[in-house]
Number of protein chains: 2
Amino acid sequence: MAEIQSLAKGLKILNLLEHSRNGMGTTEIAKQLSIDKSSASRLLHTLANYGFVEQDEHSTRYLLGPQLLTLGQHLLNRITLRDHARPYLHELVDKTGECAHLAIQAQRQALYIDQVESTAALRVESEIGTLSPLHCTALGKVMLAFGGCPMHDELRPFTHRTVTDPSTLDAQLSQTVNRGYAIDDEEYNYGVRCVAAPVYDHRAVLVGAIGISGPAGRVTLERIDDFGNVVKETAYALSARLGFDARLQLTRTANE
Amino acid sequence: MAEIQSLAKGLKILNLLEHSRNGMGTTEIAKQLSIDKSSASRLLHTLANYGFVEQDEHSTRYLLGPQLLTLGQHLLNRITLRDHARPYLHELVDKTGECAHLAIQAQRQALYIDQVESTAALRVESEIGTLSPLHCTALGKVMLAFGGCPMHDELRPFTHRTVTDPSTLDAQLSQTVNRGYAIDDEEYNYGVRCVAAPVYDHRAVLVGAIGISGPAGRVTLERIDDFGNVVKETAYALSARLGFDARLQLTRTANE
DNA sequence: GGTATATGTTGCCAAAAATACAACACTGTT
DNA sequence: AACAGTGTTGTATTTTTGGCAACATATACC
């Protein structure tokens, strides 16, 4: 496949500048990319003409420019969580063979807003648009554990495994935070186990959760941690797609 | 000044894609930029390789890519002004009930870098990342009046109230300096009035502006001076937070 | 269903643009 | 004052790019 090399060089410069705290000089950039100073200089001028980089006040070091903000923000406004999440739900189905779901928090419950069915699965009715309780579903527990919103409602039982004791639930939630994914072990529906992980946006705010659910016969307790890690990684990739930067979360939680 | 033309073409493609709702095809892009289909195709492939654009699922139309989000977000992280300003924007919303904005000067325009919406407000699309002209917005007039950077561009009209006469604008700017805040009286958008005031840093250098904007029905001409004083005081408090000392400014202006 | 129109991608060679090298201007340092 | 470092500009050479065409694929129209 043909690549326009000078365009590629310009884009490489932008990627380089991303990782430098205080900008970079022409010579420094040229060395990193193994190109001549003069080429770097001209590439930088072009990038600057279009606002993709800008020079520091002393007209020496180059920084990322405001045009990137403009374009990036534009992107955010037009793409909804659901559109973004869909390919990742498919990825989950491909990797686990189970049904995948996307939910957001609404009305102190988990609102299912998308679903991708596994090909081999029995035909189940779509759960999109349904609300589920937070304390006994994997998607709901993610919101409790990572959303910072405590559970005040009564812990209504749905199966004999449903956790109804607040302190037991608290223990489960901190465990959830530690391992990065939540588990529902037949706590809402008999014979169904679920795993879910958090999705963050560009402000490091929890915006939803994705997860899988399947029959206890296939989603066994032996395999559930493997599933959990797959879900966790996929959710992380989706978050990155939404502009989430793990470092942001660190500073945010540090402030709280 | 030398420009790397193929890089420029790639950047132009990104700018084109910003203004298209559902992406654009190779041929369409080629026509807009008066280049050959084949060139457009190769440029797009290069942009796609680096994540600056991506193809729609049907492998046809091109959209802006996630890398722009990553880079744009990175840029935001750099700007500590934004972090400092946030509580003051909330304060403005609390005191006035209107939307509050923070902007900096970039490319001879006002770059919106943060926004806090009033609770009662209709849900408006975020303006973060957008560039606005200086001569007909309150935030922009602040930069002209207090930034010491004269206006040389043409005064393009946006509404019938937009000031297009240089000497009228000059009079407005000195009035702005005297009272300490700038007003936009439906000069950019019909039905919207804005008020803004300058933010200085520890060196007494203008670093940005904060302000509010709201429907002319609520931000009336009778109340606008009250709003102006609130904005001015809040901006002053933020400046103090950034280490600004009013005495510094006096010595600075005396030296010039 | 079959033809016609439009779109996206790939080879090839001439033509044009980017590069390397050097020279130059400028800054801060020893 | 000489020096080392940086950033920019001129010019010839060489590489890359871009136009043209063919090809493959998708979409519209009888």
Colleague: In terms of side-chain heavy atoms, does B/Ser132 have a donor or acceptor partner in B/Thr137 at a distance below 3.5 Å?
Modeller: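 No, because no side-chain N or O of B/Ser132 sits under 3.5 Å from a partner of the opposite role on B/Thr137.
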Colleague: In whole angstroms, how far is the C1' atom of D/dT8 from the CD atom of A/Glu28?
Modeller: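 Distance, rounded to whole Å: 18 Å.
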Colleague: Could you tell me whether B/Lys12 and B/Glu3 have a side-chain N and a carboxylate O separated by less than 4.0 Å?
Modeller: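 So B/Lys12 does not pair with B/Glu3 through a salt bridge.
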Colleague: Is it true that a side-chain atom of B/His135 and a backbone atom of B/Thr164 form a donor plus acceptor pair closer than 3.5 Å?
Modeller: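 Judged by distance alone, no pair lies under 3.5 Å.
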Colleague: Round to the nearest Å and state the distance from A/Arg61 atom CZ to C/dC26 atom P.
Modeller: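 The answer, rounded to whole Å, is 22 Å.
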Colleague: Is it true that a side-chain atom of A/Thr96 and a backbone atom of A/Leu92 form a donor plus acceptor pair closer than 3.5 Å?
Modeller: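 Here the side-chain-to-backbone pair exists.
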Colleague: Let me confirm one number: the OH-CZ distance from B/Tyr200 to B/Phe146, rounded to the nearest 0.5 Å.
Modeller: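 Those atoms lie 5.5 Å apart.
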Colleague: For B/Leu44 and C/dT7, what is the distance between atoms CG and P respectively, to the nearest whole Å?
Modeller: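 Rounding to the nearest Å, CG of B/Leu44 and P of C/dT7 are 15 Å apart.
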Colleague: Looking only at atom types and distance, does a side-chain atom of B/Arg82 sit under 3.5 Å from a main-chain N or O of B/Ile113, one as donor and one as acceptor?
Modeller: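 Present.
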Colleague: Atom CG of A/Asn49 to atom P of D/dT8: distance rounded to whole Å?
Modeller: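 That distance rounds to 12 Å.
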Colleague: Check whether B/Ser213 reaches the backbone of B/Cys194 with its side chain - one donor and one acceptor, N or O, closer than 3.5 Å.
Modeller: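 Pair absent, no side-chain N/O of B/Ser213 close to backbone of B/Cys194.
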Colleague: N/O contacts under 3.5 Å, protein versus nucleotides 17-20 of chain D?
Modeller:
| unit_1 | atom_1 | unit_2 | atom_2 | d |
| --- | --- | --- | --- | --- |
| D/dT17 | OP1 | A/Gln5 | N | 2.3 |
| D/dT17 | OP1 | A/Ser6 | N | 3.3 |
| D/dG18 | OP1 | B/Lys9 | NZ | 2.6 |
| D/dG19 | OP2 | B/Asp36 | N | 3.2 |
| D/dG19 | OP2 | B/Ser39 | OG | 3.4 |
| D/dG19 | N7 | B/Ser38 | OG | 3.2 |
| D/dG19 | O6 | B/Arg42 | NH2 | 2.9 |
| D/dC20 | N4 | B/Ser38 | OG | 3.4 |

Colleague: So, OP1 or OP2 of D/dT6: does either fall under 4.0 Å of a side-chain N or O from A/Gln55?
Modeller: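 A/Gln55 to D/dT6 OP1/OP2: no side-chain N or O under 4.0 Å.
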Colleague: What is the bend of the helix from C/dG1-D/dC30 to C/dT30-D/dA1 when you compare the axis at one end with the axis at the other, using five pairs each and rounding to 10°?
Modeller: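 Taking the rotation axis at each end, their angle is 40°.
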Colleague: Within the side chain of A/Thr46, is there an N or O that forms a donor-acceptor pair under 3.5 Å with the backbone of B/Ile4?
Modeller: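 Checking the backbone N and O of B/Ile4 against the side chain of A/Thr46, a donor-acceptor pair under 3.5 Å is found.
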Colleague: What is the distance from OH of B/Tyr62 to C1' of C/dT7, rounded to the nearest Å?
Modeller: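 Going from OH in B/Tyr62 over to C1' in C/dT7 covers 12 Å.
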Colleague: Between A/Arg86 and A/Leu81, is there a donor-acceptor pair closer than 3.5 Å when you use the side chain of the first and the backbone of the second?
Modeller: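 Answer holds: no.
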Colleague: Does A/Ser41 make a side-chain N or O approach to OP1 or OP2 of D/dT8 shorter than 4.0 Å?
Modeller: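 True: A/Ser41 side-chain N/O within range (under 4.0 Å) of D/dT8 OP1/OP2.
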Colleague: Please tell me which of the listed nucleotides, D/dG7, C/dT10, C/dT7, lies nearest to the side chain of B/Thr27?
Modeller: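 Per side-chain heavy atoms of B/Thr27, the pick is C/dT7.
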